[in-house]
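In what follows, a single structure is set out as structure tokens and then discussed.
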2 protein chains.
Amino acid sequence: MLSNASKYAILSTLYLAEHSNEERKISVKEIAENIDIPSPFLAKLFQQLVRGKIISSTKGPHGGFYLSEKNKKKNVLDIIDNIDGLNKLNGCFLGLNECDSTNPCPVHYIVVPFKNNILEKFRDITIMEFAQEISDKGTFLAINNIDPSLDGPAE
Amino acid sequence: MLSNASKYAILSTLYLAEHSNEERKISVKEIAENIDIPSPFLAKLFQQLVRGKIISSTKGPHGGFYLSEKNKKKNVLDIIDNIDGLNKLNGCFLGLNECDSTNPCPVHYIVVPFKNNILEKFRDITIMEFAQEISDKGTFLAINNIDPSLDGPAE
DNA sequence: TTATTAAAGGATAAAAAGGTCCTTTATTAT
DNA sequence: ATAATAAAGGACCTTTTTATCCTTTAATAA
Ligand code: FES
Ligand code: FES
């Protein structure tokens, strides 16, 4: 449903939302270590996200990636769209041509409510709001189960 | 979430459930044409499903694939398990290590109810019951949107 | 028993996804 | 200016997924 690339991009962008700002830019290396993603692969993803104006970057010493005020208002669906395109998320769960109620597959009516829920989450709140929610709820961002004391949800 | 291979296997097995029995075996070719799957690929999948005792086959004239009475009591999850393994379905939506409520990812509480629903569907009813439901509801099995008059849900 | 049919199985190929490396470019500090 | 730093970009590699082809085996019918 989502490629690894999209998952990495989502987690890393949320990491940026929590830990970076225009004054505190973050290198690929730092994020790759914290989220446990191969860093050259993440570098590619970030290049693409910068081109897509989802995140921002500056080169040179103390350079790195960060979210501009504009970036913070993007939503998670923009990330997915930028990396995977939207079809992957919208497509039929069993791979039929179209997913719509005029031509429902055997699991269509199970899948649709879920899709609506997750789309709402991904489309209707900003990256910053999403990141805020994660902090508040104490849910986890790292692919490896990290010790919460090392990198607690509170900023 | 599911590989193409699994999707093909599910659709094709449901096709068998609807159209075959011990006296009326069906060739790979027929199914591949009806469900619109590359036939050598489906042949491989069916070989594997036979080895996994999900479907049955006989060689020679009037041979083909069919569901034995035992096969009909298998469920869709057995198909997925046989082709993809269960991890793919059970894993975290964002790719974190484990999907459980002690370590929830940002979308965990959206994903879990859906997963439970679809697992229930795939685990708790037999292939035959599933196929019956499809006939009753008139949902679609083909990957290409076929004209219902060509291959209607009624046997 | 021989020809025919259809699956089984092995070998391979093409495409996509995932991942790495190296050179170039921009920025900053000295 | 120059050195250091970190992203940008291009080329390339590996693995997995998807797909094809060809030979062998088993079953049946004539
Ligand atoms: S038609 Fe399959 S999920 Fe909607
Ligand atoms: S932890 Fe991510 S879906 Fe459960």
Side-chain angles (χ1 to χ4, degrees), chain A residues 1-9 11-13 16 20 22-33 35-68 71 80 83-85 87-88 91 95 143, chain B residues 1-9 11-12 16 20 22-33 35-68 71 80 82-85 87-88 91 95 143:
Chain A
M1 220 157 192
L2 290 182
S3 66
N4 277 350
S6 263
K7 293 171 191 170
Y8 293 167
L11 294 169
S12 301
T13 304
L16 280 186
S20 84
E22 315 235 0
E23 284 84 50
R24 186 183 200 79
K25 291 156 193 168
I26 299 185
S27 71
V28 159
K29 195 161 156 285
E30 177 184 334
I31 298 181
E33 277 165 10
I35 315 275
D36 200 50
I37 297 175
S39 71
F41 192 45
L42 178 59
K44 288 288 169 211
L45 291 175
F46 268 9
Q47 275 178 39
Q48 196 176 328
L49 290 174
V50 169
R51 280 194 298 266
K53 306 209 188 294
I54 317 286
I55 67 177
S56 304
S57 69
T58 45
K59 296 178 177 180
H62 304 291
F65 297 92
Y66 63 97
L67 299 188
S68 68
N71 293 152
I80 297 170
I83 303 289
D84 279 349
N87 293 352
K88 228 170 201 163
I143 284 185
Chain B
M1 220 154 187
L2 291 182
S3 66
N4 277 348
S6 261
K7 293 172 191 169
Y8 292 168
L11 294 169
S12 301
L16 280 187
S20 85
E22 313 234 2
E23 285 84 50
R24 186 185 200 77
K25 291 154 192 170
I26 299 184
S27 72
V28 160
K29 197 163 155 284
E30 177 183 335
I31 299 181
E33 277 165 9
I35 315 276
D36 200 51
I37 297 177
S39 71
F41 192 47
L42 178 58
K44 288 289 169 209
L45 291 175
F46 267 10
Q47 276 177 37
Q48 196 176 330
L49 290 174
V50 170
R51 281 195 297 267
K53 306 209 189 295
I54 317 285
I55 67 177
S56 304
S57 68
T58 45
K59 296 178 178 181
H62 303 292
F65 296 92
Y66 64 98
L67 298 187
S68 68
N71 293 153
I80 296 170
N82 186 69
I83 302 288
D84 278 350
N87 293 352
K88 230 172 198 160
I143 284 185

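Heavy-atom basis, side chains included; hydrogens, waters and symmetry copies ignored. Every chain is numbered from 1, with letters handed out A, B, ... down the list of sequences.
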Mind calculating the distance between [atom1] ([X]) and [atom2] ([N]) to the nearest angstrom?
{"X": "E30(B)", "N": "dT5(C)", "atom1": "CD", "atom2": "C1'", "value": "15 Å"}
{"X": "Y66(A)", "N": "dA6(D)", "atom1": "OH", "atom2": "P", "value": "16 Å"}
{"X": "I83(B)", "N": "dT16(D)", "atom1": "CD1", "atom2": "P", "value": "18 Å"}
{"X": "Q48(A)", "N": "dG19(C)", "atom1": "CD", "atom2": "C1'", "value": "15 Å"}
{"X": "I37(B)", "N": "dA19(D)", "atom1": "CD1", "atom2": "P", "value": "9 Å"}
{"X": "I55(B)", "N": "dA7(C)", "atom1": "CD1", "atom2": "P", "value": "10 Å"}
{"X": "L42(B)", "N": "dC21(D)", "atom1": "CG", "atom2": "P", "value": "15 Å"}
{"X": "E23(A)", "N": "dT28(C)", "atom1": "CD", "atom2": "P", "value": "13 Å"}

Inter-residue atom distance S6(A).OG - M1(A).CE, 0.5 Å rounding: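 Result: 12.5 Å between the selected atoms.
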
For K25(A) and T58(A), which I'm curious about, is there any donor-acceptor pair between the side chains at under 3.5 Å?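 Note: K25(A) and T58(A) side chains meet the donor-acceptor criterion.
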
Test item: F46(A) and S12(A) side chains (from C-beta on) under 4.5 Å apart, heavy atoms: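 Yes, close enough: below the 4.5 Å cut-off.
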
On DNA chain D, compare the nucleotides closest to K88(B) and S39(B); which residue's is nearer the 5' end?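 Nearest nucleotide further toward 5': that of K88(B).
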
Taking all non-hydrogen atoms of both residues into account, name the closest pair between Y66(B) and N71(B) and its distance.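 For Y66(B) and N71(B), the tightest heavy-atom pair comes out as O-OD1, 3.8 Å.
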
Indicate the atoms forming the closest heavy-atom contact of S20(B) with F65(B), along with that distance.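 Answer, listing the atom of S20(B) first, then F65(B): CB-O, 4.0 Å.
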
Between Y8(A) and dG19(C), is there a contact of a side-chain N or O with OP1 or OP2 at under 4.0 Å?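 Answer yes for this pair, as a side-chain N or O of Y8(A) is under 4.0 Å from OP1 or OP2.
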
Taking any heavy-atom pair under 4.0 Å as a contact, classify [X]: base, sugar-phosphate, or nothing.
{"X": "I26(B)", "answer": "sugar-phosphate"}
{"X": "P40(B)", "answer": "base"}
{"X": "S3(A)", "answer": "sugar-phosphate"}

Enumerate the protein-to-nucleotides 8-11 of chain C contacts in which both atoms are nitrogen or oxygen and the separation is below 3.5 Å.
| from | atom 1 | to | atom 2 | distance (Å) |
| --- | --- | --- | --- | --- |
| dA8(C) | OP1 | S57(B) | OG | 2.7 |
| dG9(C) | OP2 | R51(B) | NH1 | 3.1 |
| dG9(C) | N7 | K44(B) | NZ | 3.3 |
| dG9(C) | N7 | Q47(B) | NE2 | 2.7 |
| dG10(C) | N7 | K44(B) | NZ | 3.0 |
| dG10(C) | O6 | K44(B) | NZ | 2.5 |

Taking L2(A)'s backbone N and O only, do any of them form a donor-acceptor pair with D84(A)'s side chain (distance below 3.5 Å, no angle check)?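 Here the side-chain-to-backbone pair does not exist.
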
Step-by-step side-chain contact (heavy atoms from CB on, under 4.5 Å) determination, L49(B) to I83(B): CA-CA 8 Å; L49(B) 290 174; I83(B) 302 288; 4.0 Å; yes

If you find the nucleotide of DNA chain C closest to P61(A) and the one closest to F41(A), which residue's nucleotide is nearer the 5' end?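 Closest to the 5' end, via its nearest nucleotide, is F41(A).
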
Find which nucleotide of DNA chain C each of H62(B) and N4(A) is nearest to by heavy atoms, and output the residue with the more 5' nucleotide.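 It is H62(B) whose nearest nucleotide is closer to the 5' end.
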
